[in-house]
Amino acid sequence: MSRIVSPHPSRRSLLVGAAAGAFGFGTGLFRPSVSRAADRPLLTHGVQSGDVSLDTAVAWARADRPSRAKIEWSTTESFKDVRGGVYVDALPESDHVAKVLLDGLPAGQDIFYRVQLQDLTAPTILGEAKVGRFRTAPADRRSVSFCWSGDTVGQGWGIDEARGGMTIYAAIAENRPDFFIHSGDNIYADGPISSEVALPDGSVWRNTVTPEVAKSAETLAEFRGRYKYNLTDRNLLAMNAAVPILAQWDDHEVTNNWWPGEPLSRAEHLRKAYTDRNALALQVRAARAFHEYVPMRFEPSEPDRVYRKVSYGPLVDVFMLDMRSYRGPNGENRQTAYGPDAAFLGPVQLAWLKRELLSSKATWKVIAADMPIGLIVVYDTDRKFGSEAVAQGDGPPLGRELEIANLLRFIKSAGIRNTVWLTADVHYTAAHFYDPNRAQFQDFDPFWEFVSGPLHAGTFGPNALDNTFGPQLKFIKAPPDGQSNLSPAAGYQFFGHVVIDGQTEQMTVTLKDASDAALWSVTLNPASA
């Protein structure tokens with residue numbers, strides 16, 4: 001069976017169950033077909049899947065016109081045995097996006113899904129089908145692998161076809177991961193893309209451009225246009241068709257370093273010439289575009305919610321956090337007592353995370369955080385003021401650190417084992433080991449945090465480490481000599497690869513660059529309860 005999961009579901013959608021034989025052709029909805037190729041509806045931006053679990057996955061596609069999408073699935077690439085599927089309308093109110101939840105899938109299986117369009121104004125005309133694939137989570141303890149990174153098309157570094165486009169996505173696909181975690185900044189809505197950028201060596205970076213990327217996004221169409229721009233890259237399209245995505249968001253899906261209700265009055269906001277004068281107006285449109293263009297499930301009672309748990313078999317649960325939507329203001333954050341202004345995850349999300357960690361039976365609990373814990377990130381870079389991340393500077397917990405201290409204390413006291421944090425955001429790659437013996441706050445068990453990125457953006461760093469939770473720098477690769485905003489051509493683009501062995505349950509984390517070269521690796525042994 002399958003069901004629609006778009007936040008803006010179609011009124012005319014028809015669900016068709018697996019029991020309908022050859023996908024319910026008896027309805028006549030796709031009969032007869034006519035070949036008129038020039039008139040066929042087109043799938044404009046490939047196919048995607050996401051949030052894959054034991055028996056479900058989200059499938060995504062976009063049409064070039066009002067269309068009815070037929071999305072069917074099989075366990076064979078030939079589709080000789082179609083097991084189920086759904087019809088869903090791709091209409092203007094969702095920018096012609098069709099997004100559905102496929103359920104009733106067999107565990108631990110390669111699943112092939114096929115999307116074909118029917119023109120609503122000329123129902124006899126069918127578009128060419130496109131096929132994607134994913135593998136459902138195993139019910140047994142087979143080995144699992146996945147990759148993660150963040151930050152796509154930032155700082156004006158767009159798609160240069162002469163340089164192969166966003167080649168890091170091809171490197172990720174070469175690892176054949178079970179899924180890919182996009183750790184935020186799926187787009188840079190606030191970063192205009194020009195046609196040419198001069199490089200230090202005298203060469204020129206030549207971006208492909210579209211009207212929607214010429215300015216900072218404000219309208220719904222401009223936010224949608226940012227996702228469509230990225231989805232013109234052949235490497236990303238190929239990876240999306242072969243690897244399911246687990247996506248979260250951070251700041252650049254809206255605007256740099258935003259917090260809810262922020263007045264857009266900083267110097268950088270004035271340079272961007274925003275018409276709307278507060279972040280909430282942008283957030284509403286940005287959130288709609290994000291949920292339309294990302295293949296993630298949603299809670300019917302909370303259609304804009306990003307945080308969620310994705311279970312991928314007995315070896316790993318992934319806890320996707322939202323460190324953006326519930327935070328307090330990005331001020332100095334030096335509060336000595338926890339309250340709304342010191343929130344980062346916020347009390348509701350924090351309570352959810354504690355419950356889900358406590359109930360998790362998976363060997364490894366991967367906490368996918370869109371920002372690192374122990375790196376200091378400045379909020380207003382013009383005035384050198386305020387805190388953008390968790391870290392507030394050396395010393396005992398203050399401000400947002402109070403929330404993290406509360407979480408880490410809970411994990412220890414509840415006996416929750418094998419938590420690993422994965423993150424991006426700072427545009428370089430690093431491995432941090434958090435050691436209570438070297439920390440100012442010591443009531444927690446040791447854990448690792450791995451940082452990787454950017455995927456295709458300017459490279460920066462490194463950031464200063466805050467000693468509150470005792471992070472020890474075990475590896476780093478960042479631009480040399482304080483250089484900043486290096487182009488993707490400089491070679492400082494990074495992702496991480498994780499393998500969990502089905503027999504030993506050991507987790508091996510490898511930090512890699514865009515050429516798929518392994519830079520550093522560590523193998524972690526699971527702790528027993």
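We use all heavy atoms of the structure for the numbers below, so side chains are in, but hydrogens, waters and symmetry mates are not.
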Pairwise distance CG(N230) to CG(L237) - rounded to 0.5 angstrom: 10.0 Å
Y434/W421 aromatic ring centres below 6.0 Å: no
Y293 side chain to D95 side chain, donor-acceptor N/O pair below 3.5 angstrom: yes
Check: T136 side chain, Q109 main-chain N or O, donor-acceptor pair, under 3.5 Å: yes
Cation over ring face, R114 and F79, 6.0 Å, 45°: yes
Presence of salt bridge, R308 and D51, under 4.0 angstrom: yes
Check: T152/H182 side-chain N/O donor and acceptor closer than 3.5 Å: yes
Nearest non-hydrogen partners of A518 and K512, listed with the distance: CA-CG, 4.1 Å
Donor + acceptor pair across side chains of D322, W249 (<3.5 Å): yes
Heavy-atom side-chain contact between V377 and N463 under 4.5 Å: yes
Polar contact flag, side-chain donor to acceptor under 3.5 angstrom, S325-R305: no
Presence of salt bridge, E292 and K99, under 4.0 angstrom: no
Short N-O contact, D445 and K412, less than 4.0 angstrom: no
S521 side chain vs V509 backbone, donor-acceptor pair below 3.5 Å: yes
Working for side-chain hydrogen bond (donor to acceptor under 3.5 Å, both in side chains), residues S360 and D317: CA-CA 7 Å; S360 173; D317 282 343; 2.6 Å; yes
Candidate pair T508 and T523, rule side-chain hydrogen bond (donor to acceptor under 3.5 Å, both in side chains), full reasoning: CA-CA 4 Å; T508 299; T523 297; 2.9 Å; yes
Side-chain donor/acceptor of R400 to backbone N/O of G328, under 3.5 Å: yes
S94 and R62: CA distance, side-chain angles, deciding distance, side-chain hydrogen bond (donor to acceptor under 3.5 Å, both in side chains) verdict: CA-CA 9 Å; S94 64; R62 182 183 180 274; over 6 Å; no
Step-by-step side-chain contact (heavy atoms from CB on, under 4.5 Å) determination, V97 to R224: CA-CA 11 Å; V97 164; R224 287 166 167 170; over 6 Å; no
Validation row: P244, P295 side chains within 4.5 angstrom (heavy atoms): no
Trace of the side-chain hydrogen bond (donor to acceptor under 3.5 Å, both in side chains) decision for Q506 with D501: CA-CA 5 Å; Q506 290 176 319; D501 185 88; over 6 Å; no
Separation between CG of D341 and CZ of R327, rounded to the nearest 0.5 Å: 13.0 Å
For I476 against P462, the heavy-atom pair lying closest together: CD1-CB, 3.3 Å
Flag, side chain of S145 to backbone of V499, donor-acceptor distance under 3.5 Å: no
Modelled atom types, side-chain donor and acceptor of T468 and E401, under 3.5 Å: yes
Axial cation check for Y428 ring with K477, 6.0 Å and 45° limits: no
Salt bridge R409-D443, side-chain N to carboxylate O under 4.0 Å: yes
R438 side chain to Q472 side chain, donor-acceptor N/O pair below 3.5 angstrom: yes
Residue Q442 excluded, over 12 heavy atoms near CD under 6.0 Å: yes
Side chain proximity check, S149 to F494, heavy atoms < 4.5 angstrom: no
Min side-chain heavy-atom separation N406-Y338 under 4.5 Å: no
Mutual orientation of the aromatic rings belonging to F441 and F444 [parallel < 30°, tilted 30-60°, perpendicular > 60°]: parallel
Student check: side-chain heavy atoms of V420 and K365 closer than 4.5 Å: no
Donor-acceptor pair between N186 and E253 side chains, under 3.5 angstrom: yes
Flag for E332-S387: side-chain donor and acceptor within less than 3.5 Å: no
Donor-acceptor contact below 3.5 Å, side chain R324 vs main chain W258: yes
Heavy-atom side-chain contact between P372 and E449 under 4.5 Å: yes
Pair R142 + D178: basic N to acidic O under 4.0 Å: yes
Side-chain heavy atoms of M320 within contact of L246, under 4.5 Å: yes
Within the 6.0 Å centroid threshold, strictly below: W148 and F146: no
Side chain proximity check, M371 to F344, heavy atoms < 4.5 angstrom: yes
Within 45° cone of F410 ring axis and under 6.0 Å: K354 NZ or CZ: yes
Distance, nearest 0.5 Å, that separates OG1 of T510 from CG of L519: 9.5 Å
Pair F134 + Y113: ring centers closer than 6.0 Å: yes
Straight-line distance of R226 CZ to K228 NZ, nearest 0.5 Å: 13.0 Å
Output field: ring centroids W352/Y307 closer than 6.0 Å: yes
Y312-F179 aromatic ring centre distance below 6.0 Å: yes
Pair N330-E388, side-chain donor/acceptor within less than 3.5 Å: yes
